[in-house]
Asker: 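Can you read through this structure? Questions will come right after.
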Amino acid sequence: MKRLLVIALALLGLASAQVQVRISGWGGTDVAIVNGVLENVVRPALEGTGIEVVYEPVEGDFQQFIFNALSAGTAPDLFYVDIFWSRAAFASGKVAALDALGVDAEPFLDNLVQAFTLDGHLYGIPKDFNTLAIEFNKDLFEEAGVPFPNQNDTWETFEAKLKAVVDRLGDVHGICVVPDFARFGAFAFATGWKPFNEDGRTVLDENFRRAFEWYTGLVDRGVGVLAQDLGQGWTGGCFATEEVAAAIEGAWIAGFLRDQAPNLNYGTTFIPKDPVTGQRGNFIFTVSWSLYEGSKNKEAALKVLELLTSPEAQQWVLERGLAIPSRAALANNPYFQRPGKEPQLNRVVFQGASQGNVFPFEFRGLGADWMNIINEALSAVLLGEKSVDQALADAQDRLDRLTGHK
């Protein structure tokens, strides 16, 4: 009995030494990814440290969940922060400044680090990221006898190739067009246009107008088709049905095509350049792992954060085609050189973060309120409800009111 008591006390002492770190993020497909990283990388590395990781995925509105939890003081130790609403989270004072805790962001792509830096402080380590690329149907281009889109294309040469496919095949469209700044914005950035000037005002100048006219004119010029006219909500949906020759999407399209169009013979190249500036534009879509300022287990949470974003974790995710790594050193990873459509797609998306005028998918905390104004201008012109002049004038007026310049 005495021996059993000693063992029980020993186990009790071990249990009391355990530090539990709660981590949370979106549900859906991310659950399999995070669980895979935890089981294959994080938990084996934590053996013997006394640190236990508890994963709490959230189905539904994760942004609402995390803001409520931060406000109530019940937030998990580590959690996702989407770049789209990052400023509001960081400005809340509820997210810890990682640079003040000695976290080294040097190994990560600088564009991504800057995306999670506010007022000189680092509030998140980029988990992974995406940019936009052009996916094209090789079979359609070959059938039409048209050269594949490539990294030297400008808007003009890219459009000419799409038009040639449409004219020669007759029963397909060049590309689906959506009234969405998340796609159109890449072309506006290519012109040198920026979402905000030094005064914090959004100015829809001549550069913006040039990109706006080219993008919305694709349908009238017989190259593009509205996604909704094909019964689709995004360019990837049009692409999977082989009703269009090309799409504008990130690496997230790979899993969708793997499921919905496994035999689709596609290639990937970079977003075409503005023929005037010679530059291409792009977005960075990214998510960070961030630390709750009120965490009682910061030291243990930082250890888990280090493992979640370690080279081993990112290599594991990359090799399964699940996400694009955020560590700069992985640019020359052998995975990117493998033959096949998915490694090529991931390589182009990875390199897209460092080519041309690239901006994070974030709008000074104004988020959807800012973006919807431009989306509605795009929609009004694409649907023939307004002229370009009227749509841009109306959008400028609304943006001035939103940004406090009227």
Side-chain angles (χ1 to χ4, degrees), residues 108-112 115 126-142 146-155 157-159 161-162 165 174-176 182-187 189-190 234-236 238-240 244-258 261 264-274 278-287 314-315 317-361:
F108 299 90
L109 290 169
D110 186 60
N111 275 354
L112 304 182
K127 179 174 81 69
D128 49 41
F129 74 100
N130 253 289
T131 64
L132 295 175
I134 298 294
E135 297 83 23
F136 55 92
N137 186 318
K138 288 184 173 180
D139 291 342
L140 291 181
F141 277 87
E142 287 178 342
V146 176
F148 293 157
N150 62 54
Q151 62 181 356
N152 297 318
D153 277 332
T154 65
W155 302 351
T157 60
F158 177 60
E159 179 177 341
K161 290 177 179 178
L162 294 178
V165 172
I175 194 166
C176 261
R183 299 295 175 275
F184 157 71
F187 301 98
F189 296 155
W234 64 307
T235 76
C238 305
F239 190 63
V244 299
I248 307 170
E249 296 295 338
W252 53 76
I253 197 175
F256 173 77
L257 294 177
R258 203 182 305 146
L264 183 61
N265 181 24
Y266 70 90
T268 306
T269 190
F270 297 96
I271 296 289
K273 301 174 184 176
D274 175 2
Q279 297 290 318
R280 61 179 110 253
N282 217 323
F283 284 107
I284 286 180
F285 306 91
T286 183
V287 175
Q314 296 207 334
Q315 183 73 36
V317 173
L318 176 64
E319 289 184 354
R320 283 150 186 82
L322 300 174
I324 308 300
S326 55
R327 285 183 171 265
L330 291 175
N332 298 319
N333 192 280
Y335 170 82
F336 288 129
Q337 305 309 319
R338 292 179 187 173
K341 49 195 179 185
E342 290 191 15
Q344 181 190 34
L345 168 62
N346 288 336
R347 182 177 70 253
V348 172
V349 168
F350 185 94
Q351 294 175 347
S354 306
Q355 292 205 8
N357 304 322
V358 184
F359 289 84
F361 191 59

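Numbering starts at 1 and runs along the sequence shown.
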Asker: Under the ring-ring contact (aromatic ring centres under 6.0 Å, His included) criterion, do Phe239 and Phe136 qualify, and how do the steps go?
Answerer: CA-CA 8 Å; Phe239 190 63; Phe136 55 92; 8.5 Å; no

Asker: Would you check, one step at a time, whether the test side chain to side chain contact (heavy atoms under 4.5 Å, CB included) holds for Gln279 with Asp274?
Answerer: CA-CA 6 Å; Gln279 297 290 318; Asp274 175 2; 5.6 Å; no

Asker: So do Phe285 and Thr131 actually touch side chain to side chain, heavy atoms under 4.5 Å?
Answerer: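 Side-chain contact under 4.5 Å: no.
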
Asker: Say you draw a straight line from CZ of Phe350 to CG of Asn130; how long is it, rounded to the nearest 0.5 Å?
Answerer: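 Going from CZ on Phe350 over to CG on Asn130, the span is 12.0 Å.
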
Asker: About how many Å separate CD of Glu249 and SG of Cys176, when rounded to the nearest 0.5 Å?
Answerer: 10.0 Å

Asker: So, do Gln151 and Lys273 sit near enough that their side-chain heavy atoms are less than 4.5 Å apart?
Answerer: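 The answer is no; the side chains never approach within 4.5 Å.
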
Asker: Can you give me the closest heavy-atom contact between Lys161 and Val146, atom names plus distance?
Answerer: O-CG1, 3.7 Å

Asker: Name all residues meeting the side chain to side chain contact (heavy atoms under 4.5 Å, CB included) criterion together with Val358; count only those two or more places apart in sequence or in a different chain, and write none if there are none.
Answerer: Asn111, Asn282, Ile284

Asker: So Ser326 and Asp128, side chain to side chain contact (heavy atoms under 4.5 Å, CB included) or not? Walk me through it.
Answerer: CA-CA 5 Å; Ser326 55; Asp128 49 41; 5.6 Å; no

Asker: I need the Leu345 CG to Ile253 CD1 distance, nearest 0.5 Å.
Answerer: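 Here the interatomic distance stands at 7.5 Å.
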
Asker: Is any side-chain heavy atom of Val165 less than 4.5 Å from a side-chain heavy atom of Leu162?
Answerer: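 Side-chain contact under 4.5 Å: no.
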
Asker: Where do Leu264 and Ala240 come nearest, in terms of heavy atoms and distance?
Answerer: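 In terms of heavy atoms, the two residues are closest at CD2-CA, 4.4 Å.
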
Asker: Less than 4.5 Å apart, side chain to side chain, heavy atoms only: is that true for Asp153 and Thr269?
Answerer: no

Asker: Is the shortest side-chain heavy-atom distance between Glu142 and Phe148 below 4.5 Å?
Answerer: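 They are in side-chain contact.
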
Asker: Where do Leu132 and Ala182 come nearest, in terms of heavy atoms and distance?
Answerer: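 Where Leu132 meets Ala182 most closely, the heavy atoms are CD1-O, 3.4 Å.
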
Asker: Drop me the distance from Gln315's CD to Asn333's CG, to the nearest 0.5 angstrom.
Answerer: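 That separation rounds to 4.0 Å.
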
Asker: Ignoring hydrogens, what is the shortest heavy-atom contact between Ala251 and Asn346? Give both atom names and the distance.
Answerer: CB-OD1, 3.4 Å

Asker: Below 4.5 Å, heavy atoms only, C-beta onward: do Pro360 and Thr286 meet side chain to side chain?
Answerer: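 Pro360 vs Thr286: side chains apart.
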
Asker: Are Phe336 and Gln351 packed together at the side-chain level, in the sense that at least one heavy-atom pair is separated by less than 4.5 angstrom?
Answerer: no

Asker: Enumerate the salt bridge (charged side-chain N to carboxylate O under 4.0 Å, His left out) contacts for residues 330-341, please, sequence neighbours excluded, ordered by first and then second residue.
Answerer: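 Sorted result for residues 330-341: empty, none.
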
Asker: Does the pair Thr268 and Glu135 meet the rule for a side chain to side chain donor-acceptor pair (under 3.5 Å), with working shown?
Answerer: CA-CA 4 Å; Thr268 306; Glu135 297 83 23; 5.1 Å; no

Asker: Could you go step by step and tell me if Gln314 and Arg327 meet the side chain to side chain donor-acceptor pair (under 3.5 Å) rule?
Answerer: CA-CA 8 Å; Gln314 296 207 334; Arg327 285 183 171 265; 4.6 Å; no

Asker: If you compare all heavy atoms of Ala246 against all heavy atoms of Phe158, which two are closest, and at what distance to 0.1 Å?
Answerer: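 Smallest interatomic distance, heavy atoms only, reads CB-CZ, 4.3 Å.
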
Asker: Determine, step by step, whether Leu140 and Val244 satisfy the side chain to side chain contact (heavy atoms under 4.5 Å, CB included) criterion, reporting the C-alpha distance in whole Å, the side-chain angles of both residues, the deciding distance to 0.1 Å, and the verdict.
Answerer: CA-CA 9 Å; Leu140 291 181; Val244 299; over 6 Å; no

Asker: Hey, what do you get for CG (Leu318) to CD1 (Ile324), rounding to the nearest 0.5 Å?
Answerer: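 One gets 6.5 Å once the value is rounded to the nearest 0.5 Å.
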
Asker: Taking all heavy atoms of Tyr266 and all of Leu257, pick out the closest pair and write down the distance.
Answerer: CE2-CD1, 3.6 Å

Asker: Identify the residue among Phe189, Phe129, Phe187 that makes a ring-ring contact (aromatic ring centres under 6.0 Å, His included) with Phe283.
Answerer: Phe189

